[in-house]
Amino acid sequence: MEIAVCRAADVAPLDEFIGSPGAASSHARRFARQQAGGGTYLVAWIDGRPVGHGEVIWDGCAVPEVRAALPGCPELNGLGVWPPRLRSRGIGGALIRRAEELARERGRTFLGLGVAANNPRAAALYARLGYLPLTDYVDCWSYEDSDGVIRECVDPCTFLTKELPSGPLDVKRS
Ligand SMILES: CC(C)(COP(=O)(O)OP(=O)(O)OC[C@H]1O[C@@H](n2cnc3c(N)ncnc32)[C@H](O)[C@@H]1OP(=O)(O)O)[C@@H](O)C(=O)NCCC(=O)NCCS
């Protein structure tokens with residue numbers, strides 16, 4: 001398994017293998033934010049096929065109460081491993097660790113991520129990796145379904161943060 005920063009040519013295979021339901025590709029949106037300097041979109045690959053992704057948004061979570069609780073904390077957003085049979089093999093954890101390395105390389109001292117109240121397995125993984133609750137918030141988001149209808153979602157969530165170690169990086173990548 002390899003993890004690499006998304007390139008323009010990766011958007012099509014991401015859409016093919018980990019497609020978003022609607023016309024508006026979330027991969028294209030995340031890649032565009034990366035090109036504008038606002039994010040870094042990490043993609044996990046096995047045998048030339050994308051199997052996971054996660055985006056570090058450098059400006060942090062858009063929700064005001066999260067921003068107020070820890071100003072300037074970058075957010076790891078859109079973490080996922082697909083197809084589901086590839087979960088529980090360390091891909092998600094590896095994406096998180098790579099995001100932490102990126103944040104440290106930029107001199108950031110925290111990384112945060114939001115987890116929905118109905119996602120206890122993901123919450124267990126984040127707790128295991130050292131993420132602690134910062135604040136509860138309500139995530140309001142929308143997506144376009146396969147009929148082109150915009151669906152609005154409201155999820156109670158907790159924003160978790162981890163203080164990153166300072167000092168030189170000792171990165172061993174396989
Ligand atoms: C959460 C997720 C990214 C973790 O990736 P992963 O590759 O399974 O993570 P790892 O293999 O490094 O760690 C596995 C742990 O993740 C957690 N986990 C969360 N959701 C899981 C799922 N649906 N299946 C398997 N493990 C899951 C468990 O704690 C698991 O521990 P276990 O192996 O002891 O059961 C992945 O399971 C996923 O894509 N879930 C669906 C989308 C999602 O919930 N994204 C997170 C939004 S906050």
Side-chain angles (χ1 to χ4, degrees), residues 1-6 10 13-22 24-27 29-31 33 39-63 65-67 69-70 73-103 110-146 151-162 164 171-174:
M1 196 258 305
E2 278 174 50
I3 296 177
V5 173
C6 186
D10 299 337
L14 279 163
D15 282 337
E16 181 183 350
F17 291 107
I18 316 182
S20 4
S25 159
S26 66
H27 306 300
R29 181 170 44 82
R30 293 181 193 280
F31 180 70
R33 181 159 39 212
T40 302
Y41 196 27
L42 294 171
V43 184
W45 299 84
I46 292 179
D47 296 335
R49 177 182 166 158
V51 294
H53 49 72
E55 180 193 14
V56 184
I57 300 178
W58 294 108
D59 186 36
C61 178
V63 176
E65 55 266 42
V66 173
R67 299 180 80 82
L70 189 58
C73 177
E75 177 188 19
L76 176 57
N77 187 277
L79 186 67
V81 172
W82 308 96
R85 66 180 161 77
L86 293 181
R87 293 174 189 163
S88 285
R89 297 181 184 194
I91 299 170
L95 282 163
I96 295 168
R97 277 186 286 274
R98 182 60 60 85
E100 292 174 359
E101 288 168 17
L102 289 178
F110 281 89
L111 182 65
L113 46 76
V115 64
N118 64 1
N119 200 350
R121 294 194 68 187
L125 170 64
Y126 306 150
R128 214 155 56 217
L129 294 176
Y131 287 80
L132 300 172
L134 176 72
T135 185
D136 292 340
Y137 67 103
V138 176
D139 190 19
C140 302
W141 56 286
S142 59
Y143 70 96
E144 186 181 343
D145 72 14
S146 45
R151 302 282 175 189
E152 308 285 344
C153 305
V154 177
D155 290 332
C157 289
T158 301
F159 199 79
L160 310 168
T161 57
K162 176 174 176 176
L164 303 173
V171 179
K172 294 185 182 62
R173 290 175 186 162
S174 53

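Atoms within a ligand are numbered from 1 in the order they appear, just like the ligands themselves.
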- Considering G90, G80, A124, G52, which one's heavy-atom position lies nearest to atom 10 (P) of ligand 1? G90
- L132 CG to T161 OG1 distance, which is reported to the nearest 0.5 Å: 6.5 Å
- Message: Taking distance alone, with N or O pairs closer than 3.5 Å, would you say V81 contacts ligand 1?
- Response: yes
- Message: I need the nearest protein heavy-atom contact for atom 1 (C) of ligand 1: residue, atom name and distance, please.
- Response: A122 CB, 3.9 Å
- Whether R49 side chain and F17 backbone form a donor-acceptor pair below 3.5 Å: no
- Which is closest to atom 37 (O) of ligand 1 in terms of heavy atoms, R85, R87, R128? R87
- Task: Could you tell me the residue and atom name of the protein heavy atom closest to atom 4 (C) of ligand 1, and the distance to it rounded to 0.1 Å?
- Result: L125 CD2, 3.7 Å
- Query: If every non-hydrogen atom of A123 is compared with every non-hydrogen atom of V115, which pair is closest and at what distance?
  - Reply: N-CG2, 3.9 Å
- Task: Write out the residue and atom name of the closest protein heavy atom to atom 45 (N) of ligand 1, then the distance separating them to 0.1 Å.
- Result: L79 O, 2.9 Å
- Item | Side-chain donor/acceptor of R87 to backbone N/O of V81, under 3.5 Å | yes
- Query: ligand 1 versus L95, non-hydrogen atoms closer than 4.0 Å: side chain, backbone, both, neither?
  - Reply: neither
- Message: Counting non-hydrogen protein atoms only, what is the nearest one to atom 46 (C) of ligand 1? Give residue, atom name and distance.
- Response: Y126 OH, 3.3 Å
- Which pair of non-hydrogen atoms, one from L164 and one from A103, has the smallest distance, and what is that distance? CD1-CB, 3.6 Å
- Message: Please check whether R89 reaches ligand 1 - meaning an N/O of the residue sits under 3.5 Å from an N/O of the ligand, judged on distance alone.
- Response: yes
- Query: Taking all non-hydrogen atoms of both residues, which atom of L14 and which atom of C6 are closest, and how far apart?
  - Reply: CD1-SG, 4.0 Å
- N or O contact, G114 vs ligand 1, cut-off under 3.5 Å: no
- Query: For atom 43 (C) of ligand 1, what's the nearest protein heavy atom and its distance?
  - Reply: N119 ND2, 3.8 Å
- Message: I'd like the name of whichever of A116, G92, C157 reaches closest to atom 7 (O) of ligand 1 through any heavy atom.
- Response: G92
- Query: Can you tell me which residue and heavy atom of the protein come closest to atom 8 (O) of ligand 1, and the distance to 0.1 Å?
  - Reply: S88 N, 2.8 Å
- Message: Below the 3.5 angstrom mark, is there an N/O of A94, backbone or side chain, next to an N/O of ligand 1?
- Response: no
- Message: Going by salt bridge (charged side-chain N to carboxylate O under 4.0 Å, His left out), name the residues that satisfy it together with R67, two or more places apart in sequence or in a different chain.
- Response: D59
- Message: Rounded at 0.5 Å granularity, tell me how far CG in L70 sits from CD in E65.
- Response: 14.0 Å
- Mutual orientation of the aromatic rings belonging to H53 and Y41 [parallel < 30°, tilted 30-60°, perpendicular > 60°]: tilted
- Query: What is the closest protein heavy atom to atom 12 (O) of ligand 1, and at what distance does it sit?
  - Reply: G93 N, 2.8 Å
- Message: With a cutoff of 4.0 Å, is G54 in contact with ligand 1, counting heavy atoms of the residue only?
- Response: no
- Task: With sequence neighbours left out, write down each residue that passes side chain to side chain contact (heavy atoms under 4.5 Å, CB included) with I96, or none if nothing qualifies.
- Result: L76, L79, E100, L125, Y126, L129, Y131
- Can you measure from CD1 (I18) to NE2 (H27) and round to the nearest 0.5 angstrom? 5.5 Å
- Message: Give me the residue, atom name and distance of the protein heavy atom closest to atom 24 (N) of ligand 1.
- Response: R121 NH1, 3.3 Å
